[in-house]
Structure formats: structure tokens, C-alpha cells
Amino acid sequence: MVEYQGQSGEHLVRILLKLAGKINAAVDYQDILEATAPILPDCEGVYLLLCENLDFEKANYMEIVAAANVSAALTQRVGQRFYKQDFPFLQLTRNDRLVVVENIDTDDRIDDLSRAQYEELGSRAFLRVPFISEDRYIGSLFFKYGVSRQFSIQEREMTQGIADLVLAAVKRIHLLHQTTTAVEAQRRALRAEQEARDELAVLYKVSEAVQASQTFQDLVQAITPLVQQIEKINLILWENLDYHHASYFEVTAGVTAQGFVNPIVGSRYSPDLYPISKVFNQSMLVIENIHTHPLVDPVSRLGWERDKILALLMVRLTQDERWYGVLSFESTTPRQFSQREQRLTLAISELVLGAVIRIHTEQELATAIEAQQNALLAEQAARQEMAQLYQVSKAINQVSDVNQVLTAIKQLFPDPIHVDIFTWEHHDRSKATYLEATASTDAELPAGTQFPIESVRSLTNLGKTRFVAINDINRPPWSN
């Protein structure tokens, strides 16, 4: 600090000591300016400018980080940057301990480019107090005047006298900001790491459930933890699992917030009812409100309104340019889908698609195996019937009595039954007056028993029918 003599010097020292307490107590750049602005009370504005990375030689710009004694309009300049190439005057005076300009128009040190910048700033005269630390120009205090002005020796000494105090405070606050920023960055990194761990844990748990899924409904149930407070999750698949060869899509599986199967499972829809499918080209489509999203057309909106769906998060299930279907997370109210929800649903989509292909293949294979088994059973049954018919035919050919024929025929039926033979009178139904029991295995129906034509009238209406099965004699096929 400069030694001052006389009354004015002692007065200056007292002022500087008083300012030192306020500057040292400053906790931010604005506090520094509030403390220093009163030393030039007629000043229109005081700015604190700092070089990029606090090093003028390596900096591209200087930035206004705080302002005091300025109007609301000038306060808006906080954050404004001034690039070195636009201020050659800064380069010229970077090593000066104090820069005094009483009139930018008459000061021959100021070049035209710098003068234009000062005019844009509204400054016709100024005092600039550079901050130099270890031969590095780190910034300056800028006292601005909109008109030309002369600065007294005492004003010059006063502004120069606070330079070391302000420099120390700036370095301290800058270090505090760096420390605070580093701590906050570390805190954010730890929080992000914890969130990542939580997401991995959720994905691991869901992945296990997805891989264990045996049906499409199991699959949808497995992914419910991915999105919180969602009303419906649906697995929608294209016909033949291929959008380009599909005439419809089907809600193959679905679950409600209560854990029940979605009632619309099994419903099929034409793509024409949802034209948005034609512009759904990205891996994920987030619709937080069907009434405001730019891609939602009136026809698709009507379909969702019919199902009371107002917000959706849809993930495409694609592989090798083949679109298999969609995972649809649906809300009955407009809502925002968090970045976490979007990350998780997108991350699980490939695993879900793998499960869809696996389950579909397993179902097709099970259907094919069942069809093959049914065919084998039918073939086996046919062979057994042929063998049985052969044995009966053989037995019939070897007997000479009609009752023995009936006994042979009974072998065709596993349950105890009776076999009867009836003939029309004179073997002519059109002229018969009765139907006669020719032979029977039923002891209660002796041969020769005759039934008047009126009691068997319904039989006469069968025409040329060669075979009639009556499972219930109270409800014969001709009862209607």
C-alpha cells in the first residue's frame, strides 16, 4: 500500500481501512462491487470483469461477472463477454497498474475498434483497475462514465489503493466457487452413480423375469417395474410379426395398474385406425399429451380417446429393419415420462424383443407338435378301426345265422349295447303297414315283433338317409 502524507493521505488510509473490512467480508463478486462503488459516488456504473480462466494471455474474452450503481438496463450486461480481438486497447494497457481515460475521443492511445466498443458500452470516460497476480492479468474493476470527466489525484490513488484488496477477494471467491463447483460436481457424480446402480438393479431384476417368461402375458407382467404409476402396459404385435406384411395389429398381452389382464387383450385393429404408425420411425415415441403432440393426427387421437388414453410412451421392437411390434406404456391423464423411465424402457426393449421371438417360436412349435400328435392319434385310431372292422367282417363272413351276425357287430362297440335288425313289411317302406324286428340281441325284443306304421311315422320321413345317430331318444334329430 502506498504511503500517504498530510491530511488527505490520512483520510485516504482511513477510507481504505474501512473498505478493507467490507471487501474481506465479501462472499461473492456482487458484494465486492457494493463495497467499492461508493469511492466514486458519481460513477454511472462499476463492473467487475474477469478473464477467461483468469489468464489474459490464454483467454479469448473477458466477462462482466458483477455490476453496481447501474440502471436495470445496464445490469442486464452481467454475463456479457468482450473478446480480446475487439479491444486492442486492452492488449496495449494489460501491464498498467491503473488505466485512466478522461475522453475516449481525444485519448490517442485508443484505437477506432476499441473506441467503438466503449461507445457501445455507453462509456465516454473511465477508470480501469487491472488485477495482476504473479504476472498474470486476471481481470479489472471498470468505473464507467457516460460523459467526459477529469479524475483527481486522490480519486486515482483511491481506486489504485483498493486493487490489492479486491484482487485478494476475487481470488478467494474464485477459489470458493471452484471448490463449490467441484463439490457439487462430485455430489452430482455420486448421485448419478447411485441412480445408475439403482437402474442396473432394476434392469437386472426385470431381465431375469423377462428371460423366464413363458407367455406374452408373463412378459408384460415382468416389465411393470420400469415405469411408475402407469395405468396400462400393452404388448402390441403386428400380424405375422412384420409391419410390412401386416393387415392388422393385435394387443397380444396387457396389464392394468391393479395387476389385472387388460380387457382389450386379443383385440385387433387396422393400421388405418392409427395413421401415426406410418410416421413412427424412431426407436421411442414419447407423447405426454395426445392433444398437443405434433405427430398425433386426428384419427389416431380419436382412437386413443375412445380407449381413454391421453399420454403414451411407446418403444419400437425392431431387428434388422423388421418391425415386430410396440411396447406401449399408457396413461389416462397427461403426464411427463422421466428420463429414467425412458432410459429403462429403451434399454430393456432388445431383451423384450428377444423374448417375443422366443415365445412366438415356442408357441408355433407347440402348435405344430400338437397338430402332429393329433394326426398320429387319428392315424392310430383309424388303424384300430380298420383292424376291428376286418375282424368283424371276417366273423360275419364265417357265420350262417343272423343272430351270430349281430353278435359279431357288437364287437365294434366298447359299451354294452343291443344290436337289432328291422325290416319293412314286404321289404317295401312305401307300401308297408308295419315295421318288424327281424333279429335282436335284446331278449326283451323277440324276433317277429311288429310296430304299426303310425308308431314309427318319423322313420318314414328319413327319405334316402342311410345313417342316423340318435344320442337321446327323447330328442331325436327330427324332433324339430
Side-chain angles (χ1 to χ4, degrees), residues 23 28-30 32-33 36-37 39-40 43-70 73-151 155-175 177-178:
I23 293 174
D28 57 28
Y29 296 135
Q30 190 61 40
I32 295 176
L33 288 196
T36 58
I39 66 175
L40 294 177
C43 178
E44 294 181 8
V46 183
Y47 297 113
L48 175 60
L49 297 98
L50 296 181
C51 299
E52 179 186 13
N53 299 319
L54 299 188
D55 189 343
F56 181 81
E57 296 301 327
K58 298 179 181 179
N60 294 310
Y61 61 84
M62 297 185 69
E63 180 179 342
I64 298 177
V65 297
N69 278 12
V70 294
L74 294 179
T75 302
Q76 295 175 2
R77 289 186 178 273
V78 173
Q80 184 175 352
R81 293 176 177 179
F82 302 95
Y83 290 87
K84 286 197 307 183
Q85 66 266 25
D86 296 333
F87 279 93
F89 184 60
L90 286 176
Q91 183 74 19
L92 178 67
T93 57
R94 67 184 185 282
N95 295 320
D96 294 356
R97 302 293 295 179
L98 180 67
V99 179
V100 181
V101 175
E102 297 181 334
N103 190 330
I104 62 171
D105 294 323
T106 58
D107 195 314
D108 56 8
R109 297 174 299 171
I110 299 180
D111 58 280
D112 292 340
L113 182 57
S114 299
R115 182 177 295 109
Q117 295 298 322
Y118 286 125
E119 288 177 346
E120 193 278 330
L121 191 59
S123 178
R124 310 298 301 178
F126 59 85
L127 282 176
R128 192 175 80 239
V129 184
F131 303 137
I132 300 176
S133 175
E134 300 176 355
D135 296 327
R136 280 191 307 141
Y137 179 21
I138 69 172
S140 63
L141 269 181
F142 186 85
F143 294 86
K144 164 188 170 300
Y145 289 84
V147 295
S148 301
R149 184 189 188 283
Q150 292 185 336
F151 297 97
E155 288 174 332
R156 299 181 186 209
E157 291 177 344
M158 181 79 73
T159 53
Q160 188 174 1
I162 64 171
D164 290 339
L165 293 172
V166 174
L167 172 60
V170 166
K171 292 171 67 176
R172 172 175 56 80
I173 293 172
H174 179 72
L175 180 60
H177 284 178
Q178 283 187 320

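No experiment lies behind these values; they were computed from the predicted model shown. The analysis underlying the following values was restricted to heavy atoms, covering all of them including side chains, and did not include hydrogens, waters or symmetry mates.
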Q.
Could you go through Leu167 and Ile138, starting from their C-alpha distance and side-chain angles, then the distance that decides it, and tell me whether this counts as side chain to side chain contact (heavy atoms under 4.5 Å, CB included)?
A. CA-CA 9 Å; Leu167 172 60; Ile138 69 172; 3.2 Å; yes
Q) Around atom CD of Gln178, are there more than 12 heavy atoms of other residues, nucleotides or ligands at under 6.0 Å? A) yes
**Q.** Pair Arg149 + Glu155: basic N to acidic O under 4.0 Å
**A.** yes
Q: State the CG-CG distance between Leu48 and Leu141, to the nearest 0.5 angstrom.
A: 6.0 Å
Q) Is the shortest heavy-atom distance from the side chain of Leu90 to the side chain of Phe82 under 4.5 Å? A) no
(Q) Tell me whether Asp135 at atom CG has more than 12 heavy atoms from other residues, nucleotides or ligands lying less than 6.0 Å away. (A) no
Q) Does the separation of the ring centres of Tyr118 and Phe126 fall below 6.0 angstrom? A) yes
Q | Nearest non-hydrogen partners of Asn103 and Asp105, listed with the distance | A | OD1-N, 2.8 Å
(Q) Keeping Lys84 on the side-chain end and Ala59 on the backbone end, is there a donor-acceptor pair under 3.5 Å? (A) yes
Q. Should Arg115 and Phe89 be marked as a side chain to side chain contact (heavy atoms under 4.5 Å, CB included) after you check the CA-CA gap, both sets of side-chain angles, and the distance that decides it?
A. CA-CA 9 Å; Arg115 182 177 295 109; Phe89 184 60; over 6 Å; no
Q: Is it possible for you to check whether Lys144 lies under 6.0 Å from the centre of the six-membered ring of Tyr47, through NZ or CZ, and within 45° of that ring's axis?
A: no
Q. Atom CD of Glu157 and atom CD1 of Ile39: how far apart are they, to the nearest 0.5 Å?
A. 12.0 Å
Q: Please report the closest heavy-atom contact between Glu44 and Val147, naming both atoms and the distance.
A: OE2-N, 4.4 Å
Q. Can we say Arg94 and Glu57 salt-bridge, meaning some charged N sits less than 4.0 Å from an Asp/Glu carboxylate O?
A. yes
Q) Rounded to the nearest 0.5 Å, how far does OH of Tyr61 lie from CG of Leu49? A) 12.5 Å
Q. Can you tell me how far the CD1 atom of Ile173 sits from the CD1 atom of Ile32, to the nearest 0.5 Å?
A. 3.5 Å
(Q) With a 4.5 Å cut-off on side-chain heavy atoms, are Ser123 and Phe142 touching? (A) yes
(Q) Any non-hydrogen side-chain atom of Tyr145 less than 4.5 Å from a side-chain atom of Cys43? (A) yes
Q) Between Arg77 and Glu120, is there a salt bridge with N-O shorter than 4.0 Å? A) yes
(Q) Looking at Val99, is its backbone amide N or carbonyl O close enough to the side chain of Thr93 to form a donor-acceptor pair, meaning the two atoms are under 3.5 Å apart? (A) no
Q. So, the side chain of Arg128 versus the backbone of Ser140: is there a donor-acceptor pair under 3.5 Å, distance only?
A. no
Q: Go through the steps to decide whether Lys58 and Asn53 satisfy the test side chain to side chain contact (heavy atoms under 4.5 Å, CB included), and finish with yes or no.
A: CA-CA 8 Å; Lys58 298 179 181 179; Asn53 299 319; over 6 Å; no
Q) Counting distance only, does the side-chain N/O of Gln117 pair as donor-acceptor with the main-chain N or O of Asp86 below 3.5 Å? A) no
Q.
Determine whether a donor-acceptor pair (N or O, by modelled atom type, separation under 3.5 Å) exists between the side chain of Asp107 and the backbone of Arg109.
A. yes
(Q) Between Gln30 and Ala67 (side chain of the first, backbone of the second, donor and acceptor by atom type, cut-off under 3.5 Å), is there such a pair? (A) yes
Q: Any chance you could lay out the side chain to side chain contact (heavy atoms under 4.5 Å, CB included) test for Thr36 and Met158, step after step, and finish with the verdict?
A: CA-CA 10 Å; Thr36 58; Met158 181 79 73; over 6 Å; no
Q. Are any side-chain N or O atoms of Ser114 and backbone N or O atoms of Ile110, one a donor and one an acceptor, separated by less than 3.5 Å?
A. no
**Q.** Glu102 and Arg124 ion-paired at < 4.0 Å
**A.** no
Q: Could you grab the distance from atom CZ of Phe87 to atom CG of Asp111, nearest 0.5 Å is fine?
A: 9.5 Å
Q | Heavy-atom closest pair, residues Gln85 and Leu113 | A | O-CD2, 3.2 Å
Q) Would you find a donor on one side and an acceptor on the other, under 3.5 Å apart, between the side chain of Arg156 and the backbone of Phe151? A) yes
Q: To the nearest 0.5 angstrom, please state how far the OH atom of Tyr29 sits from the CG atom of Leu50.
A: 5.0 Å
